[in-house]
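In what follows, a single structure is set out as structure tokens and then discussed.
We number each residue from 1, following the sequence as shown.
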Amino acid sequence: MPRSSKGILKPSLEPTGVGLRAPFILIVVAVCGAVWLSALLDTYHHRAIVLDLADRQHDNVAHAIAEQSARALQAIDLILKQAELLNPSGTLSADDLRRIPDLLRIQVSGVPQVQGLFLFDPARHLYLSSGPSPAYLDLSDRSYFVIQSQRQDAGTFVSEPVISRTVGNPTFVLSRRLPGDRFHGIVAASVRVDYFRKFYRGLELGEGSTVDLLRSDGVSLVSRDGESLAKAPEALAEAVREMAGAGASQVGNVTIDDPRIGRSHVSLCRVPGYPAVVAVARSEATLLHGWVQDAWTNAARTFAITALAATLLVAFLLQLRRRERLAAHVHQSQKLEALGTLAGGIAHDFNNILGAILGYGELAQQDAASGSAQRRYVDNIVLAANRARDLVARILAFSRPGISAPRPLVLQQVVRETIELMRPSLPPEVQVDTQLPAQPVVVMGDAAQIQQVVGNLLSNAVQAVNAWGRIGVSIDVVQIESARDLAVGRLWPGRYGLLKVTDTGPGIAPDVFGRIFDPFFTTKPVGVGTGLGLSQVHASVLDHKGAIAVDSSQSRGTRFRIYLPLTEQRPPLESDEVATPPGNGEVILVVDDEAVLVRLAEEVLASIGYEPVGCVSAQQALEVFRAAPERFDALLTDVLMSGMEGPELAVELRKLNPALPVILMSGFCGANLKARAEAVGAKAVLCKPLKATQLAQCLAAVFARPVGVEQADAIDA
């Protein structure tokens, strides 16, 4: 029986094993083939996304450059229109011939892109010039003179690049025909090519990129990396001519073979109001460098995974998804870090300029009689400078990795100020309904960041209702009993201030709902939005340990709910914030590498009762301090200076006088600056531009009692 059963079962198993093996192999081969096909499609789809994103970014850059170029040309055009009132056919006195060139030079001095302004009579003779007048200039070979003499309707004509016969550098000329029924001559301005080239080279577009300014007929006016009279590649010139012939398109994209950087993607943007086009190009090899590396990595991983059994296929797909999310997160972090670096550099330089405007404006307020026209003008200057100061603070709020100096804020006050600030720009058909409680809702945070959150949400709501509809803004206090996750962040048990912004727009489409907080993602046309609004809201709310909920349905509108933790602290009274305690003649050593800011600080300190000693470099400060270390009661120094920075200077001076109080000031007050201040034992940190009241409060606190960096930040912010 056992023997017969063995002989019966053996034939039945062998055909079954063979039958199962073949389908299994076919299934594995089919799955592997599907994986390879999917990987191939994803790779090419990723390639398209990379190129599309690059095109959108370059479109924004080209649009910004075109706007800047238009402003530069408009300034020149204005000078030409003023100068064309001088007619060579008229008779000018010898005194006028000496005075008018001086006026032309004054006009040119305020426009750095203009090299010279000159007028020629119909005989091609130089009539008036802003610079030294040569004995004779022959314009017979200059196209702008010929065209202006032949065409009465030429208007403002942009010439091809030429080598200046007076200076010898490359320029192109903007010219206008002098008014009159017959040809009286021309007025022309030579434009410095190196002015535009220097601006283009300041743009960090990476390797394998070019920036060109071309005339609408394809003639190259300015090339970032080319020679002085470089000719544009024929393919680029042809693309510009086609765009000019189309007439309607403001921005265009083409792919050409550029002999300078190879096959490249080019974004073209018209310069508004002028026959010129900006071309921003990036080589395809550079754009796809990261994509190629990712493609090889994915191919190797796919090959290893497809060699395994079919049971590992699901694990591979999950791992691939996890890797893509990680890559997207790293990519986002790199973009935000780059924006932060750019914002910090701009803020430092801009705040130095703004500090002089604001400081001297405040000093002028003190000397101007109340109610006079001069006082009114100065008040407007100070008001504009303060608004610029707040604007820089909002830009820096996006780049700061957290809140450097949180303080108690009344949420209703921040919301009300933001709405009032934006109200003049709102369409008249849009109605904003507010419901703000009478009792103060106090949260801990940064006023600039919260104001930015409210402003971005309101801007999105206005664009959603499309110039008509209703927007609701309300504030409530809610108690959260149990932890739960929202669209952004996690709510923990506790009391929260709830800010709600609603609109009656069409709602958010389901296919883009999951990407609304991604940086640089926007559904708006090129040049209208940057895709940073909601990403800034995302970062700011998380910095405040809050959370965001979003409800949206098409045809019913959208509702954003912002949860911010409440605090038991109370904001300081306004009267305390504006107090200006005077000094008692203490000697303050002021150090900055900007001479105008040193002079300003000296005048401000003297006006509030201190004896200032200004130095325009760290080395000069060392020499002055070494002469009499015990003379000085405090050090007020900028952080970023050439040669030796402020914290290093503080260390050197404290070797001579260990008890010397140190106050640091900078145009970019981030968490890193706070750490450096603590490292050198600084008593306070002040953010530029400085105001007299802030400086007075800080010095009073330093001399009255030991003040930590956190306390000084509270005084300064």
Heavy atoms only: give me the nearest [X]-[Y] pair and the separation to one decimal.
X	Y	result
Val685	Ala677	CG2-CB, 3.4 Å
Met641	Asp638	CE-O, 3.7 Å
Ala547	Gly489	CB-C, 4.1 Å
Ala75	Val111	CB-CG1, 4.2 Å
Ala696	Tyr610	O-OH, 4.5 Å
Val462	Pro427	CG1-CD, 3.8 Å

Mind checking the [atom1]-[atom2] spacing from [X] to [Y]? Nearest 0.5 Å is all I need.
X	Y	atom1	atom2	answer
Ile419	Gln451	CD1	CD	11.0 Å
Gln74	Arg71	CD	CZ	8.5 Å
Leu566	Gln479	CG	CD	9.0 Å
Asp503	Leu458	CG	CG	10.5 Å
Arg570	Leu409	CZ	CG	12.0 Å
Asp55	Asn60	CG	CG	11.0 Å

I want to check something: taking the side chain as every heavy atom from C-beta on, are [X] and [Y] in contact at a cut-off of under 4.5 Å?
X	Y	answer
Ile562	Leu457	yes
Ile475	Val415	yes
Leu73	Gln113	no
Tyr563	Leu486	yes
Cys269	Asp59	no
Ile608	Pro582	no
Pro565	Met444	no
Leu699	Leu605	yes

Please check if the side chain of [X] supplies one atom and the backbone of [Y] the other of a donor-acceptor pair under 3.5 Å.
X	Y	result
Gln412	Val441	yes
Thr434	Leu436	no
Gln697	Pro581	no

From Val410, Ile450, Val414, residue fulfilling side chain to side chain contact (heavy atoms under 4.5 Å, CB included) relative to Val443: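 The residue from Val410, Ile450, Val414 that satisfies side chain to side chain contact (heavy atoms under 4.5 Å, CB included) with Val443 turns out to be Ile450.
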With side-chain contact (heavy atoms from CB on, under 4.5 Å) as the criterion, how do Asp551 and Arg561 come out once you've worked through the C-alpha distance, each side chain's angles and the decisive distance to 0.1 Å? CA-CA 8 Å; Asp551 303 316; Arg561 288 176 291 162; 3.1 Å; yes
Worked check of side-chain contact (heavy atoms from CB on, under 4.5 Å) between Met665 and Asp592: CA-CA 9 Å; Met665 56 182 177; Asp592 199 311; 3.9 Å; yes
Would you say Arg470 and Gln431 are linked by a side-chain donor-acceptor pair, where the criterion is simply a distance under 3.5 Å?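 On atom types as modelled, these side chains qualify, holding a pair under 3.5 Å.
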Walk me through whether Leu203 and Ile65 qualify under side-chain contact (heavy atoms from CB on, under 4.5 Å). CA-CA 10 Å; Leu203 301 174; Ile65 296 176; 3.3 Å; yes
Val537 and Asn460: side-chain contact (heavy atoms from CB on, under 4.5 Å), yes or no, with the steps? CA-CA 11 Å; Val537 172; Asn460 277 7; over 6 Å; no
Should the heavy atoms of other residues, nucleotides or ligands under 6.0 Å from CD of Gln435 be counted, would the total exceed 12?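 No, the 6.0 Å shell around CD holds no more than 12 heavy atoms from other groups.
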